[in-house]
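Read the numbers this way: they start at 1 and go in the same order the structure lists the ligands and their atoms. This chain uses plain numbering: 1 for the first residue, then up along the sequence.
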Amino acid sequence: MRVRNACSFSLVAALFAASALRGVSQVPTPISVLGHNPGDDYYLANYEEEIQYFHALAAHSDRIKMFTVGKTSEGRDIEIAVISSPENLAKLDEYKADTKRLSMAQGLDDASAQALAQQAKVIVHIDGGLHASEVAGPQHSMVLAYKLLSAQGDPEIDRILNNEILLLYPTLNPDGQDMVVSWYRKNLGTRFEVSPMPWLFQDYVGHDNNRDGYMLNMKESQVVTKTELEYSPAIFYCQHQTAPFPARIWIPPFSDPISSNISQYVRSWFNVVGTDMTAYLNGHQMPGAISESQFDNWYPGFVDYAGSFRNEISFFTETALYRYATPRFYTVDEFPKDRQDLKALTMYTTPWQGGWWRLKDAVDYMVAGSMSVLDTAARYHETLLYNQYQAARDNIKRYDQEPPFAYVIPSVQRDVPEAAQLAHIMLENGLKINATAAGFNANGREYPAGSWVILMNQPYAGLAKELFEVQRYPDAMDTGGTKAVDLPYDVTGWTLPLQMGVQVDAVTDPVTPEQRSHLNEIAQVDLPTAKVDGTGTEFVLSHNVNASFRLVNDVLANGGTVSFDNDQAKTAQGMEAGALVVNGVSRSTLTDLSSKYGVSALSVDKSPAHKTEIHRARVGLYRPWQASIDEGWTRWILEQYGFKPISLYNADMRSGGLKDRVDVIILPDMRERSLVSGFSVGIVPGEYAGGLNDEGLASLREFVRQGGTLVAFNQSAAALIPLMSLPVKNVLEGLKSDKFFCSGALLRVDIESRERPVTSGLPSEVSVMFEQGPAFETQPGFKGAVLARYPKDSNPLESGLLLHPEAIEGKIAALEVPYGQGRIFLYGFKPQWRGQSHGTYKFFFNVLYKYEQPAFVPEKPAAATSDKPKQAE
Ligand SMILES: [Zn+2]
């Protein structure tokens, strides 16, 4: 109690003094406000406390202004500090306008850009990280701010304040900071002091909050990107904490490969900033900096990297971390064998010798990293600003001269709301988008009015190319034995048109003035105008359109009825199989829903003769205590589409009687060991230990036998084969990377069993995100249905890296397995990957209803014969 009183007293005192002392150099120290120094052993400030400290700083110093830039997923304010000299802050809007002009090369030639770069201020983004378990980041932000605001007559800091404007985010993940700090405080001093937090540190996506950089599904990524576009920073620096042991901090240069869609200026600045930082740390007697090893930046979706495609020097460092604020002593014999000699290397110039590692050490390394970046930016401010202009200028010029000259997203296609969504994402990412008027011709065809066109002669063109083109990861096996690149750190292919099932056409001839006369730049992407044609009382919707599920779920929630048509029916888009038939709602209700979701409908007098009525199902989603990012993404998608998922924790799964509570259970991507055993006893407090355990598995079996539907994604699908004794084999089980490797790529599958409801609305070929998944063969006794298969005798790779495609050719990607009265759906890929693979959502949306299942068609003898030679291999 005494400590708490003292703490709040000093906070009040600091705020009280604010008005009297503003402008005078009485900048409050962190300890005077928090009662602790950031970095103290066993102490972590939470977000509220951190923001209180920043407000105390703003009350006392004219070098800082605070802004609220948006809200988090849990509704907290996201605040940023803008730090510079008082003179610069007084002209903040003017300087923002300068960097905007430079970064867009707006109305500038080389000479005027050079002149502007001399007078403008370089804007630098630094943040306290977004992975909340990496706890030093937010603590570092306070120390850095205090250092910059309290310095008097320090030439290094004066140069920074005079030439730069710093955007300092206390953290990019306020919700997570509070969750982690409260978990640590609860366990401090107990045997669980360093135990992992058993839930995600961002409501939906946890650690994948850094994998949402271009898709912008989460509120936090939207806010960061919007702010970035507002300020046009030249540098974007994010703090992380997973240095390759025993190094104390990982610093760029990155490992290869690197994308050619990043400006050459940015590519070389990564190296300059990194090398400067290593020298800065060495100069401050801070050993253990390592570069290059481990981290490539091939995937463009890192929030702290996506900006590189907008000509920002966007990067991160990884400082060493033990756990939370608990210190740890290391001896050299704990180091990996090849590091025990403590030998210097080119990219590891000052090997760390072991000893204590405390939160304060991590904070100090981060502050040094930030100071080094600010110092580099201050020294080269003019060059950095002029490079921002040059990068934009070069892209404009390049795509005036070489293809692709533009991309067109047609406004008439299989799933028009998804096409609009793709255009919307590009706009949110800062690209200029045009809508076509009638008469726009390209690629030898006329595009329908309202199509979207991205002209490539624009500053951030590299981002459009990166997201639209097919990725070719340098093939590690094609270099005659010497590996040019290591195996990738993350996924290798993400081509959005393939993932989202949206047609996008590259324009390969120069865009003419005549073509331009049919284009109008737009400030927002509207959903396509949806119509309800016809005069009947039943409504037919396209099953091809994902948004139809939003509408259908609203209809079912409001007492209407919905069926899958079993024949061909006419929809607003033409004839299609499996159309959705809606009745029991008024025309005005349907018209409202139709325009809300951008889904057109056709009303008919005569109901289709053969249809299967579907009913709302209670959808359970397994939510393990070994917090699953895949679970979070799935939950988010289900909420977005109105499926209202019910979280099933271990206790729910083990208690039996699941059929009374839910109709469908989804298992997110989890390995068998995690699924069955979870955290060991002793790692986490008892209530979070274990997984499904034997009781959970028994009740899961009972659930399906009694008629439940079980859906398993990726590794969970592989795990169910032995756990449920299914007559299926995972042909990739146990294969090492020299026999098969695919860490995330888009592969083509052919859809089979078109007569089954689960495949409704899918085209005959689909791109699936394959990320270290299984692939299947059926075994004797299999009586279910194959839903999707990798093509026989041809490489299924569409985008990314796949080593040894022969291991997967002709194998099964998805199947439906009867089990008792129920069914199990096994997907050997991620139909809901990071909220991006919209083109495969129907694989599971279609089975999240209750309906009468058609009987399985027995497997044809011919198919069985042709499978035989493969099995004999
Ligand atoms: Zn991290």
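Classification of the Trp199-Trp183 ring pair by plane angle, with boundaries at 30° and 60°, yields perpendicular.
Taking the ring centre of Phe245 as origin, the terminal cationic atom of Arg328 falls outside the region bounded by 6.0 Å and 45° from the ring axis.
With sequence neighbours excluded, no residue forms a side chain to side chain donor-acceptor pair (under 3.5 Å) with Lys186. For Phe67, there are no ring pair (Phe, Tyr, Trp, His ring centres under 6.0 Å) partners two or more places apart in sequence or in a different chain.
Annotation: salt bridge (charged side-chain N to carboxylate O under 4.0 Å, His left out) contacts involving residues 229-241, sequence neighbours excluded, comprise Lys96-Glu230.
Side chain to side chain, Gln499 and Ser837 fail the donor-acceptor criterion of an N or O pair below 3.5 Å.
Protein N/O/S atoms closer than 2.8 Å to the Zn ion (ligand 1), listed by chain and residue number, are His131 ND1, Glu134 OE1, Glu134 OE2, His240 ND1.
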